[in-house]
Visitor: 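Following this message is one structure expressed as structure tokens.
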Amino acid sequence: MDISRRTDYAIRLLTELARQPQGVAVSVRQLAEEGAVPYAFARGIQRDLSAAGLITATRGAHGGISLSREPRSITLLEVVEALQGDVSCSVCTKDPEWCKRMGGCRVHRVWREMDAMVRKYLAEQDLAGLAKSI
């Protein structure tokens, strides 16, 4: 499984948001600058994060984006899935029809277990923890 540049940028933006007081809207431009994310990427990522319910956007002179929930309740698993879909280290665990050896493959179990470990680890990492580590 690869974490895309877009997902990495989303995590940077959300981590910057997590450092703000809860409910305070911050401009996407400011977050992009603080997170070293190209502004054009940040605007597109904003739409994905909003659609996933991770942020709330406010329009107007004092508008911007804010986290929709407390940082400790937003996990990296949620962020990765919002940007990339289901977490999977192998195509066969995501799409059983992909492999002709399904049902007889000795390695499939290993890929499923690896997926579960990665999902569990990402689910244990939250934005509050990331915001503190910076």
Visitor: Please walk me through it: do Q125 and L130 pass side chain to side chain contact (heavy atoms under 4.5 Å, CB included)?
Guide: CA-CA 8 Å; Q125 308 305 310; L130 284 178; 5.8 Å; no

Visitor: Salt-bridged, D115 to R119, with N to O below 4.0 Å?
Guide: no

Visitor: Tell me whether Y39 is reachable from F41 by hopping between hydrophobic residues (I, L, V, M, F, W, Y) whose side-chain heavy atoms are closer than 4.5 Å.
Guide: yes

Visitor: Does some side-chain heavy atom of V79 sit less than 4.5 Å from a side-chain heavy atom of I74?
Guide: yes

Visitor: Is it the case that one hydrophobic cluster holds both Y121 and M114, taking links as side-chain heavy atoms less than 4.5 Å apart, direct or via other members?
Guide: no

Visitor: Can you measure from CG (L67) to CZ (R72) and round to the nearest 0.5 angstrom?
Guide: 12.5 Å

Visitor: How many angstroms lie between CZ in R5 and CD1 in I45, if you round to the nearest 0.5 Å?
Guide: 11.0 Å

Visitor: Go through R12 and L31 one step at a time and tell me if the side chain to side chain contact (heavy atoms under 4.5 Å, CB included) criterion holds.
Guide: CA-CA 9 Å; R12 288 190 211 177; L31 290 170; over 6 Å; no

Visitor: How long is the span from the OG1 atom in T15 to the NZ atom in K132, to the nearest 0.5 Å?
Guide: 13.5 Å

Visitor: Quick check: do P71 and R19 have side-chain heavy atoms less than 4.5 Å from each other?
Guide: no

Visitor: Could you measure the distance from the OG1 atom of T56 to the CZ atom of R69? Nearest 0.5 Å is fine.
Guide: 10.0 Å

Visitor: Give the minimum heavy-atom separation between G63 and A25, together with the two atoms involved.
Guide: C-CB, 4.1 Å

Visitor: Treating Q84 as the side-chain partner and D2 as the backbone partner, does any N or O pair qualify as donor plus acceptor under 3.5 Å?
Guide: yes

Visitor: Determine whether V80 and T75 satisfy the following criterion, side chain to side chain contact (heavy atoms under 4.5 Å, CB included), listing intermediate values before the conclusion.
Guide: CA-CA 9 Å; V80 171; T75 68; over 6 Å; no

Visitor: Strictly below 4.0 Å, N to O, side chains only: are E113 and R109 in salt-bridge contact?
Guide: yes

Visitor: Do you know which of I65, V24, L49 makes side-chain contact (heavy atoms from CB on, under 4.5 Å) with L17?
Guide: I65

Visitor: Any donor-acceptor pair under 3.5 Å linking the side chain of S50 with the backbone of Q46?
Guide: no

Visitor: To the nearest 0.5 Å, tell me how far Q20 CD sits from E34 CD.
Guide: 6.0 Å

Visitor: Are the side chains of Y9 and S4 in touch, meaning some heavy atoms are under 4.5 Å apart?
Guide: no

Visitor: Can you check whether R6 reaches D48 side chain to side chain, under 4.5 Å on heavy atoms?
Guide: yes

Visitor: Quick one: do E124 and K120 make a salt bridge, cutoff under 4.0 Å?
Guide: yes

Visitor: Is it true that a side-chain atom of S68 and a backbone atom of L54 form a donor plus acceptor pair closer than 3.5 Å?
Guide: yes

Visitor: Can you tell me how far apart CD1 (I11) and CG (L83) are? Round to the nearest 0.5 Å.
Guide: 7.5 Å

Visitor: Under the side chain to side chain contact (heavy atoms under 4.5 Å, CB included) rule, what do L77 and V118 come out as? Steps first, then yes or no, please.
Guide: CA-CA 9 Å; L77 179 61; V118 170; over 6 Å; no

